[in-house]
Amino acid sequence: MRKSNIAKRVASPDPKFNNPTIGKFINYIMVEGKKSVARRVVYGAFDIIAEKTKKDPIEIFDEALKNAAPLMELKSRRVGGANYQVPLQVRGERRSIIAMKWIINAAQAKKGAPMAKKLSDELMAAARNEGAAIKKKEDTHRMAQANRAFSHFA
């Protein structure tokens, strides 16, 4: 018999904006437990966004997450000795997690600038439906569309 479900832990909101989504984003950027460095990177990126766009950086951040969030993803399923890439819909919580990871990875892939600058550029690009994170989303959707013949294995 299976054990009962484990209760989901809610990420603590960040201290500056009191927003749990930004708190979660800071946790994803954090490397080796250095939360103060991660906060400095995110807040620095928000300062750059506010300076360049003259808009609220939280609105840009929310728009970027919404634009980068995928609707479909591929899961590998083994059926009769063959592996099939089965397209599945992405649930709400996972959508934002994937979007955050894609934005962070796209910013980290760029070279030759401080992380706050790279992150601000990627967030602004994602808010405009451009950039590497949006390209990753479109590629994933294209792959899901191409493999929709295997959707009955879901």
Should we count NZ of Lys34 as having more than 12 external heavy atoms under 6.0 Å?
no
Inspect the surroundings of CD in Gln89 and state if more than 12 heavy atoms from other residues, nucleotides or ligands are less than 6.0 Å away.
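12 or below, so no.
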Qualifying residues under salt bridge (charged side-chain N to carboxylate O under 4.0 Å, His left out), relative to [X], sequence neighbours excluded:
{"X": "Asp121", "result": "Lys52, Lys117"}
{"X": "Lys24", "result": "Glu93"}
{"X": "Arg148", "result": "none"}
{"X": "Lys101", "result": "none"}

Strictly by salt bridge (Lys or Arg N to Asp or Glu O under 4.0 Å), give each pair with a member in residues 63-74 just once, sequence neighbours left out.
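Pairs touching residues 63-74 that pass the test: Glu63-Lys66, Glu73-Arg94.
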Would you say the side-chain atoms of Asp14 pair up with the backbone N or O of Asn19, donor to acceptor, closer than 3.5 Å?
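Yes; at least one donor-acceptor contact below 3.5 Å.
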Scan the side chains in residues 76-83 for donor-acceptor partners under 3.5 Å anywhere in the protein, sequence neighbours excluded, and list what turns up.
none

Members other than Phe61 in its cluster, when Ile, Leu, Val, Met, Phe, Trp, Tyr link by side-chain heavy atoms under 4.5 Å?
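Phe17, Ile22, Phe25, Ile26, Tyr28, Ile29, Val41, Val42, Tyr43, Phe46, Ile49, Ile58, Ile60, Leu65, Ile97, Met100, Ile103, Ile104, Met115, Leu119, Leu123, Met124, which link up through side-chain heavy atoms under 4.5 Å apart, make up the rest of the cluster.
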Suppose clustering is done on Ile, Leu, Val, Met, Phe, Trp and Tyr with side-chain heavy atoms closer than 4.5 Å. Which residues sit in the same group as Ile6?
none
Using the test side chain to side chain donor-acceptor pair (under 3.5 Å), find all partners of Lys35 that sit at least two apart in sequence or belong to another chain.
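So Lys35 forms a side chain to side chain donor-acceptor pair (under 3.5 Å) with Asn27.
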Among pairs that include at least one residue of residues 112-140, which meet ring-ring contact (aromatic ring centres under 6.0 Å, His included), considering only residues two or more places apart or in two chains?
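Every pair satisfying ring-ring contact (aromatic ring centres under 6.0 Å, His included) with a residue in residues 112-140: there are none.
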Qualifying ring-ring contact (aromatic ring centres under 6.0 Å, His included) pairs, either residue in residues 71-110, two or more places apart:
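Every ring-ring contact (aromatic ring centres under 6.0 Å, His included) pair that includes a residue of residues 71-110, provided the two are not neighbours, is Tyr84-Phe150, Tyr84-Phe153.
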So how far is it from Met72 CE to Ser151 OG, rounded to the nearest 0.5 Å?
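Met72 atom CE to Ser151 atom OG measures 7.5 Å (nearest 0.5 Å).
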Mind checking the CG-CZ spacing from Asp47 to Arg40? Nearest 0.5 Å is all I need.
13.0 Å
What pair of heavy atoms forms the shortest contact from Ala106 to Glu122, and how long is it?
CB-CD, 3.5 Å
Heavy-atom nearest pair, Ala45 first then Ala116, reads CB-O, 3.4 Å
Cut-off 3.5 Å, no hydrogens considered: what does the side-chain donor-acceptor table look like for residues 137-144, sequence neighbours left out?
unit_1, atom_1, unit_2, atom_2, d
Lys137, NZ, Asn67, O, 2.8
Asp139, OD1, Arg142, NH1, 2.9
Asp139, OD2, Lys135, NZ, 3.3
Thr140, OG1, Lys136, O, 2.8
His141, NE2, Leu71, N, 2.9

Considering only heavy atoms from C-beta outward, does the side chain of Pro87 approach that of Leu74 to under 4.5 Å?
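Touching, per the 4.5 Å side-chain cut-off.
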